[in-house]
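Presented below is the structure to which this report refers.
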Amino acid sequence: MGKLQDKVAIVTGASKGIGAGIARRLAGDGASVVVNYASSKAGADKVVADIEAAGGKAVAVGADVSNKAEVDALIKTAIDTYGRLDIVVNNSGVYQFAKIEETTEELYRKIFDINVLGLLLVAGAAAPHLGKGGSIINIGSAVTRVVPAESAIYSGTKGAVDAITGVLSRELGPRGIRVNSVNPGMIETEGTHTAGFIGSELQTAMESQTPLGRIGKAEDIAPIVAFLASDDAGWVTGELILSTGGLR
Ligand code: NAP
């Protein structure tokens with residue numbers, strides 16, 4: 001029996017990248033998983049098919065996390081489908097670096113709306129359904145420690161995520177709900193390929209400062225999330241776990 005047997009999880013932004021890896025891992029540990037996507041239905045359907053082929057349970061549900069009506073429908077679908085909710089992984093996120101002189105209101109609103117407002121809407125809609133033993137895991141980023149140049153908006157969103165994790169751990173702790181962050185360093189994903197980070201000087205610089213000598217994979221992050229989702233982490237809340245191969 002898996003350590004997440006009988007639990008129900010929502011993973012936002014699970015159509016690809018880190019989120020897809022987390023969804024596969026939580027399902028492999030026995031959870032029924034709601035695989036959220038924004039635009040990549042085919043990607044989410046593939047994650048669900050892989051989970052089902054491995055004997056797990058999952059459903060793909062489209063929702064833009066920055067849209068309250070769509071978030072409310074996402075949570076309702078989880079409850080209607082599986083009857084309960086135990087684990088929420090706030091993974092959806094976008095990153096686009098820009099020099100401070102090239103920072104625009106549009107870019108600010110786009111990145112903050114998805115990375116911060118989206119997390120708040122999902123946590124707020126999910127909280128009434130979470131009970132004792134519930135776990136919220138926010139995917140932050142090591143950028144709040146590494147502070148790379150030209151990342152002011154993105155690093156600003158992840159600074160907000162660090163703070164929100166602490167706040168929600170205090171707010172929901174009395175109800176037995178734990179809230180933690182996993183803060184990865186650079187991970188090879190569809191997103192980091194599209195952003196041009198893979199194969200860039202930034203990757204080389206990151207690797208040269210990383211004790212374990214490489215950037216990460218989604219499979220490096222998923223087991224940490226699975227631990228925080230499980231009752232094994234029952235005494236862990238309000239923590240930010242830097243997941244970087246030692247880069248700090
Ligand atoms: P990715 O490959 O670009 O995947 C992003 C995911 O977020 C996709 O599933 C995408 O869905 C979803 N998404 C985007 N906008 C959304 C919206 N409005 N509503 C719902 N879902 C939305 O990204 P990744 O590299 O795996 O990153 C995942 C998370 O890890 C992000 O929060 C990121 O900030 C964080 N992180 C990444 C790294 C890294 O180096 N990769 C490092 C530290 C932290 P669709 O494809 O359906 O649009």
Side-chain angles (χ1 to χ4, degrees), residues 10-24 33-48 60-71 73-75 88-97 109-122 125 137-148 151 153-162 164-165 181-200 202-203 205-207 210 214-222 224-225 240-245 247:
I10 292 180
V11 183
T12 67
S15 57
K16 55 169 77 106
I18 294 171
I22 293 169
R24 288 191 174 96
V33 181
V34 175
V35 174
N36 162 250
Y37 64 93
S39 58
S40 310
K41 182 176 186 309
D45 286 343
K46 170 84 170 62
V47 172
V48 169
V61 182
D64 173 353
V65 293
S66 67
N67 178 309
K68 183 168 176 356
E70 293 186 29
V71 168
L74 169 69
I75 303 298
V88 176
V89 183
N90 280 308
N91 166 80
S92 289
V94 289
Y95 33 87
Q96 192 174 329
F97 284 18
R109 291 190 203 293
K110 176 183 155 196
I111 300 181
F112 264 86
D113 273 2
I114 296 172
N115 295 10
V116 182
L117 177 61
L119 182 154
L120 293 170
L121 291 177
V122 171
I137 298 126
N138 298 324
I139 306 302
S141 172
V143 291
T144 60
R145 291 283 191 88
V146 178
V147 289
S151 74
I153 299 178
Y154 177 65
S155 293
T157 68
K158 294 303 185 179
V161 172
D162 286 355
I164 291 165
T165 293
S181 281
V182 173
N183 290 16
M186 190 187 286
I187 306 292
E188 184 171 5
T189 63
E190 288 86 336
T192 45
H193 273 281
T194 304
F197 294 161
I198 302 304
S200 70
L202 182 64
Q203 178 180 346
M206 292 289 168
E207 284 174 340
T210 300
R214 62 170 175 84
I215 61 165
K217 305 180 290 248
E219 295 74 29
D220 294 319
I221 303 305
I224 303 166
V225 174
L240 313 178
I241 300 190
L242 209 54
S243 313
T244 63
L247 174 70

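Numbering of ligands and ligand atoms starts at 1, following listing order. In this chain, numbering begins with 1 at the start of the sequence shown.
- By the 3.5 Å distance cut-off applied to N or O atoms, V94 is not counted among the residues near ligand 1.
- Under a 3.5 Å cut-off, the side chain of D64 and the backbone N or O of A38 do not form any donor-acceptor pair.
- In terms of polar-atom proximity, defined here as any N/O pair under 3.5 Å, K158 does make such a contact with ligand 1.
- Between the side chain of Y95 and the backbone N or O of T192 there is at least one donor-acceptor pair closer than 3.5 Å.
- For I137 against V182, the heavy-atom pair with the smallest separation is CG2-CG2, 3.9 Å.
- Checking only distances, A38 does come within under 3.5 Å of ligand 1, N or O to N or O.
- Among all non-hydrogen protein atoms, the one lying nearest atom 36 (N) of ligand 1 is Y154 OH, 3.6 Å.
- With a 4.0 Å heavy-atom cut-off, ligand 1 is reached by the side chain of I114 but not by its N, CA, C or O.
- For atom 42 (C) of ligand 1, the candidate residues are A218, S141, G185; the nearest heavy-atom contact is made by G185.
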So I198 and I215, side chain to side chain contact (heavy atoms under 4.5 Å, CB included) or not? Walk me through it.
CA-CA 9 Å; I198 302 304; I215 61 165; 3.7 Å; yes
Could you please spell out the steps behind the side-chain hydrogen bond (donor to acceptor under 3.5 Å, both in side chains) verdict for N115 and T157?
CA-CA 6 Å; N115 295 10; T157 68; 3.1 Å; yes
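- Contacts of T12 with ligand 1, taken as heavy-atom pairs under 4.0 Å, are absent altogether.
- Those atoms of ligand 1 that come under 4.0 Å of a heavy atom in N36, given as number and element, are 20 (C), 21 (N).
- Residue contacts with ligand 1 for F197 are absent, since no atom lies close enough (heavy atoms, distance under 4.0 Å).
- With respect to atom 38 (C) of ligand 1, the closest heavy atom belonging to the protein is I18 CD1, 3.9 Å.
- Nearest protein heavy-atom neighbour of atom 27 (O) of ligand 1: Y95 CE2, 3.9 Å.
- Here the shortest heavy-atom pairing between S15 and A20 reads C-CB, 4.2 Å.
- For T192, no nitrogen or oxygen atom sits less than 3.5 Å from a nitrogen or oxygen atom of ligand 1, counting backbone and side chain alike.
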Stepwise side chain to side chain contact (heavy atoms under 4.5 Å, CB included) check, V116 with I164:
CA-CA 9 Å; V116 182; I164 291 165; 3.9 Å; yes
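- A distance-only check finds a donor-acceptor pair linking the side chain of D220 to the backbone of K217 [under 3.5 Å].
- Shortest non-hydrogen contact noted between L247 and L242 is O-CD2, 3.9 Å.
- Set against the non-hydrogen atoms of G17, the atoms of ligand 1 under 4.0 Å away are 2 (O), 26 (O).
- Contacts of A63 with ligand 1, taken as heavy-atom pairs under 4.0 Å, involve the backbone alone.
- Residue G19 places no N or O, backbone or side chain, under 3.5 Å from any N or O of ligand 1.
- The line from OG1 of T144 to CG of D162 is 4.0 Å long, rounded to the nearest 0.5 Å.
- For a threshold of 3.5 Å applied to N or O pairs, the pair formed by S15 and ligand 1 contains at least one separation below that value.
- Selection from N91, N90, I139 by nearest heavy atom to atom 32 (O) of ligand 1 gives N91.
- Of the candidates G62, S39, S92, the one placing a heavy atom closest to atom 22 (C) of ligand 1 is S92.
- The protein heavy-atom contact nearest to atom 4 (O) of ligand 1 is K16 CG, 3.5 Å.
- For ligand 1, the polar-atom distance check against S66 finds no nitrogen or oxygen pair separated by under 3.5 Å.
- Using a 4.0 Å cut-off to heavy atoms of D64, the atoms of ligand 1 that qualify are 17 (C), 18 (N), 19 (N).
- In this structure, S151 contributes its side chain and F97 its backbone to no donor-acceptor pair below 3.5 Å.
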Could you go through K158 and N183, starting from their C-alpha distance and side-chain angles, then the distance that decides it, and tell me whether this counts as side chain to side chain contact (heavy atoms under 4.5 Å, CB included)?
CA-CA 9 Å; K158 294 303 185 179; N183 290 16; over 6 Å; no
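- The nearest protein atom to atom 19 (N) of ligand 1, hydrogens excluded, is given as V65 N, 3.0 Å; this is a heavy-atom distance.
- Here the shortest heavy-atom distance to atom 5 (C) of ligand 1, taken over G93, S243, A195, G191, belongs to G93.
- Counting heavy atoms only, I187 comes closest to atom 41 (N) of ligand 1 of the residues T144, T157, I187, L121.
- For a threshold of 3.5 Å applied to N or O pairs, the pair formed by G13 and ligand 1 contains at least one separation below that value.
- In terms of polar-atom proximity, defined here as any N/O pair under 3.5 Å, N115 makes no such contact with ligand 1.
- Of all the atoms in ligand 1, the ones that sit under 4.0 Å from a non-hydrogen atom of Y37 are 47 (O).
- Residue G140 places a heavy atom less than 4.0 Å from ligand 1.
- When all heavy atoms of E190 and G17 are compared, the closest pair comes out as OE1-N, 3.0 Å.
- The shortest N or O to N or O distance between P184 and ligand 1 is not under 3.5 Å.
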Apply side chain to side chain contact (heavy atoms under 4.5 Å, CB included) to residues I114 and V65 and explain how you reach the verdict.
CA-CA 6 Å; I114 296 172; V65 293; 4.2 Å; yes
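- Residue A218 comes nearest to I18 through the heavy atom pair CB-CA, 3.9 Å, listed as atom of the first residue, atom of the second, then distance.
- Closest approach of Q203 and F197 over heavy atoms only: CB-O, 3.5 Å.
- Atoms of ligand 1 lying under 4.0 Å from any heavy atom of A14, numbered from 1 in the order shown and given with element: 9 (O).
- Judged by distance alone, with hydrogens and angles left aside, the side-chain atoms of N36 form a donor-acceptor pair with the main-chain N or O of A63 at under 3.5 Å.
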